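What follows is a set of notes on a single structure, which appears directly below.
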Amino acid sequence: MKRNGYLALCFIMCFTFFSPMAVRAAEKSGPQTGEMNFAPHARSAVMIEADTGTVLYDKNANEKMPPASITKVMTMLLIMEAVERGELKLTDKVRASERAASMGGSQIFLQPGEEMTVEDMIKGIAIASGNDASVAMAEHLGGTEEGFVNRMNERAKQLGMKNTHFVNSNGLPAENHYSSAQDIAIMSRELLKHEGITRFTGTYQDYLRKDSANPFWLVNTNRLVRFYEGVDGLKTGYTGEAKYCLTATAKRNNMRVIAVVMGEPDVKTRNNEVATMFNYAFTHFQVMPMYKKGEAVQRITVDKGQQPQINAITPHSVSMLMKKGESADQYTKEIVLDQRVHAPVKQDQVIGHIFIRAKDGKEVNRIDLYPEQAVAKAGMWEILKRTTKNVFISY
């Protein structure tokens with residue numbers, strides 16, 4: 001038993017790399033005899049380290065299942081991305097349609113025509129799992145819920161979520177609405193790149209309509225937020241078909257872990273098994289922070305750009321995952337940038353990589369690097385001035 005546990009730890013170190021593909025590293029159908037099984041009552045489960053995407057535990061992680069309200073992770077992701085792009089402000093008012101207000105199940109009891117800020121709508125989704133708030137936001141961003149759902153499915157494809165198809169924005173039972181533990185880990189990891197989201201998902205209780213005659217008390221459906229150290233999200237789910245589901249995240253000592261369980265028999269078992277997964281991760285692994293989000297790694301030349309040089313930066317925080325007691329000296333870091341890039345340069349263009357290798361030369365992590373800003377192509381007059389200046393300098 002002990003020997004198999006050590007072999008499992010060694011195995012996962014070989015599959016660390018920085019992309020959603022890391023979550024797909026484990027393709028087995030479930031824990032084998034004698035292997036660790038932290039979620040024996042779950043129908044499927046997966047646990048990953050958030051920075052590297054390394055799979056720490058996997059049980060039937062690719063099985064398609066109804067995700068219930070965990071669907072709202074994708075709804076919140078599209079909301080946060082719209083905020084980051086400047087298309088939406090947290091102070092914007094959103095009006096609830098009659099359709100949104102009619103949603104059953106978990107709700108914040110929106111009235112038809114009622115207006116609420118985007119910030120309060122996110123609270124209603126993240127803390128109380130409001131089905132009505134999810135539809136109101138979907139209609140606000142997509143014109144119709146159907147239009148928003150199309151965006152959800154498109155984003156799922158972009159993230160490499162192979163076993164997911166959404167039919168609605170809130171997870172209420174619907175035919176052909178499904179996801180997998182693995183895919184949920186992928187979209188949870190993406191949502192957590194928006195650091196402001198845990199301000200909502202990590203809140204245990206709050207109020208809506210504070211200044212009205214009828215304030216509405218919110219209590220987080222994820223009780224681990226209060227009872228497990230470091231938990232600050234992410235989303236619960238339950239329907240009769242899906243049973244009890246949870247995508248949870250906890251952070252300790254710079255290490256963030258995401259655990260997903262689906263098809264649990266009850267809330268207590270669900271929470272206990274996720275806590276067991278977290279205990280294992282924090283007991284056996286550690287991370288060494290390498291770069292902060294947006295940190296400049298190196299400068300690179302831009303051929304015929306309005307700016308002759310730009311910084312290559314990390315898209316999010318970068319860490320190295322190691323077993324407890326392991327030394328960082330056992331790994332090497334190499335920065336490889338394109339010798340020069342040609343204008344125009346887009347901000348989402350990969351212009352280099354950081355490679356992390358073990359002593360035997362095996363690659364264990366690869367981080368894409370991006371330009372700090374977009375660079376337009378310089379005009380002929382600008383290029384001529386720059387060339388003339390360089391000629392005079394050379395003399």
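For reference, positions follow the sequence shown, starting with 1. Since the model is a prediction, treat every value here as computed from it, not as a measurement.
With K346 contributing its side chain and A374 its backbone, the two residues share no donor-acceptor pair below 3.5 Å. Distance alone, capped at 3.5 Å, places no donor-acceptor pair between the R366 side chain and the F355 backbone. T71 places a side-chain N or O within 3.5 Å of a backbone atom of A68 that can act as its donor or acceptor partner. Side chain of N311 to main chain of V297: no donor-acceptor pair is present (N/O by atom type, distance under 3.5 Å, no hydrogens or angles). Side chain of R189 to backbone of D51: a donor-acceptor contact under 3.5 angstrom is found. Counting only distance, with no hydrogens or angles, the side chain of D132 and the backbone of M103 share no donor-acceptor pair below 3.5 Å. When atom types are taken as modelled, the side chain of K89 and the backbone of G86 share no donor-acceptor pair closer than 3.5 angstrom. Using a distance-only test at 3.5 Å, with no hydrogens or angles considered, no donor-acceptor pair links the side chain of T314 to the main chain of S317. With hydrogens and angles ignored, the 3.5 Å screen pairs a side-chain donor or acceptor of N222 with a backbone N or O of L224. Formation of a donor-acceptor pair under 3.5 Å by the N220 side chain with backbone atoms of R223 is not found in this model.
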Task: side-chain contact (heavy atoms from CB on, under 4.5 Å) evaluation trace for K93 with T117 - done: CA-CA 4 Å; K93 291 288 185 73; T117 64; 3.8 Å; yes
Open item on the list: With side-chain contact (heavy atoms from CB on, under 4.5 Å) as the criterion, how do N131 and S69 come out once you've worked through the C-alpha distance, each side chain's angles and the decisive distance to 0.1 Å?
Closed with: CA-CA 8 Å; N131 295 322; S69 282; 4.2 Å; yes
- [ ] Test K235 against L246 for side-chain contact (heavy atoms from CB on, under 4.5 Å), laying out the working first.
- [x] CA-CA 6 Å; K235 192 71 201 71; L246 175 63; over 6 Å; no
Open item on the list: Quick one, Q205 with W217, criterion side-chain contact (heavy atoms from CB on, under 4.5 Å). Give me CA distance, side-chain angles, the key distance, then yes/no.
Closed with: CA-CA 7 Å; Q205 58 184 11; W217 187 35; 3.2 Å; yes
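Ring-plane geometry between F38 and Y280 is classed as tilted, the angle between the planes lying from 30 to 60 degrees on a 0 to 90 degree scale.
Considering all non-hydrogen atoms of both residues, V225 and T203 come closest at CG1-C, 4.2 Å. Between F166 and A156, the closest heavy-atom pair is CE1-CB, 4.3 Å. The minimum heavy-atom distance between A248 and V274, with the atom names listed, is CB-CG1, 3.8 Å. In plain terms, the two heavy atoms of P371 and V345 that are nearest each other are CG-CG1, 3.7 Å. The nearest pair of heavy atoms linking A45 to A61 is O-CB, 3.9 Å. For the residue pair D329 and K359, the shortest heavy atom distance occurs at O-CE, 3.4 Å.
Contact of the R43 side chain with the M262 side chain is not registered, since no non-hydrogen atoms from C-beta on lie closer than 4.5 Å. A heavy-atom distance below 4.5 Å is not found between the side chains of V260 and S44. With a 4.5 Å cut-off on side-chain heavy atoms, P67 and H177 count as touching. E119 places none of its side-chain heavy atoms less than 4.5 Å from the side chain of T91. Between M290 and I356, some side-chain heavy-atom pair lies under the 4.5 Å cut-off. Contact annotation: the side chain of I127 never approaches that of T221 to less than 4.5 Å [non-hydrogen atoms, C-beta and beyond]. At a threshold of 4.5 Å between non-hydrogen side-chain atoms, the residues V135 and R99 count as touching. Counting only heavy atoms from C-beta outward, the side chains of R256 and T198 approach each other to under 4.5 Å.
For CG of N176, the number of neighbouring non-hydrogen atoms (other residues, nucleotides, ligands) closer than 6.0 Å is greater than 12. Applying the 6.0 Å contact sphere to CD of E334 captures more than 12 heavy atoms from other residues, nucleotides or ligands. Within a 6.0 Å radius of NZ in K157, other residues, nucleotides and ligands contribute 12 heavy atoms or fewer. When the shell of 6.0 Å around CG of D211 is examined, it contains 12 or fewer heavy atoms from other residues, nucleotides or ligands. Applying the 6.0 Å contact sphere to CD of E98 captures no more than 12 heavy atoms from other residues, nucleotides or ligands.
Note on E295 versus K292: no salt bridge recorded, every NZ/NE/NH1/NH2 to OD/OE distance being 4.0 Å or above. Salt bridge D120/K123: present, at least one basic N to carboxylate O contact under 4.0 Å. Comment: R199 does not engage D206 in a salt bridge, judged by the lack of any side-chain N to carboxylate O separation of less than 4.0 angstrom.
Between N62 and Q182, the side chains place a donor N or O and an acceptor N or O closer than 3.5 Å (distance only, hydrogens not considered). Neither side chain, Y178 nor E63, offers a donor N or O lying under 3.5 Å from an acceptor on the other. In this model, no donor atom of one side chain and acceptor atom of the other lie less than 3.5 Å apart for T54 and E49. Looking only at atom types and distance, the side chain of N37 has a donor-acceptor partner in the side chain of Y57 under 3.5 Å away. S169 and S134 share no donor-acceptor pair across their side chains, judged by distance under 3.5 Å alone. Of the N and O atoms on the side chains of K72 and S129, at least one donor lies less than 3.5 Å from an acceptor on the other residue. There is no side-chain donor-acceptor pair under 3.5 Å between H316 and K293.
Rounded to the nearest 0.5 Å, atoms CD1 (I351) and OH (Y370) are 10.5 Å apart. Annotation: the span from M277 atom CE to M47 atom CE amounts to 5.0 Å, rounded to 0.5 Å. Interatomic distance, R299 CZ to E372 CD, rounded to the nearest 0.5 Å: 8.0 Å. Rounding to the nearest 0.5 Å places OG of S319 at 8.5 Å from CE of M288. Once rounded to the nearest 0.5 Å, the distance linking CE of M320 with CD of Q330 reads 10.0 Å. Here the CD atom belonging to Q158 is positioned 9.5 Å from the CD atom belonging to E190, to the nearest 0.5 angstrom.
One hydrophobic cluster, built from ILVMFWY side chains closer than 4.5 Å, holds both L90 and M137. A single hydrophobic cluster is seen to contain both I70 and L78, as judged by linkage of ILVMFWY side chains at heavy-atom distances under 4.5 Å, directly or through other members. If you chain together hydrophobic residues whose side chains sit under 4.5 Å apart, V149 and L172 never meet in one group. Y238 and I108 end up in different hydrophobic clusters when Ile, Leu, Val, Met, Phe, Trp and Tyr side chains are linked at under 4.5 Å. Hydrophobic clustering, with ILVMFWY side chains joined whenever heavy atoms are under 4.5 angstrom apart, groups F109 together with I122.
At least one cation-pi condition fails for R151 and F148: the charged atom is not both under 6.0 angstrom from the six-membered ring centre and inside a 45 degree cone around its axis. Under a cutoff of 6.0 Å and an axis angle of 45°, R252 and F282 form a cation-pi pair.
Residues passing the side chain to side chain contact (heavy atoms under 4.5 Å, CB included) test with T269 are H41, E264, P265, D266, E273, sequence neighbours excluded. For R209, the side chain to side chain contact (heavy atoms under 4.5 Å, CB included) test picks out L110, E114, M116, S212, F216, with sequence neighbours left out.
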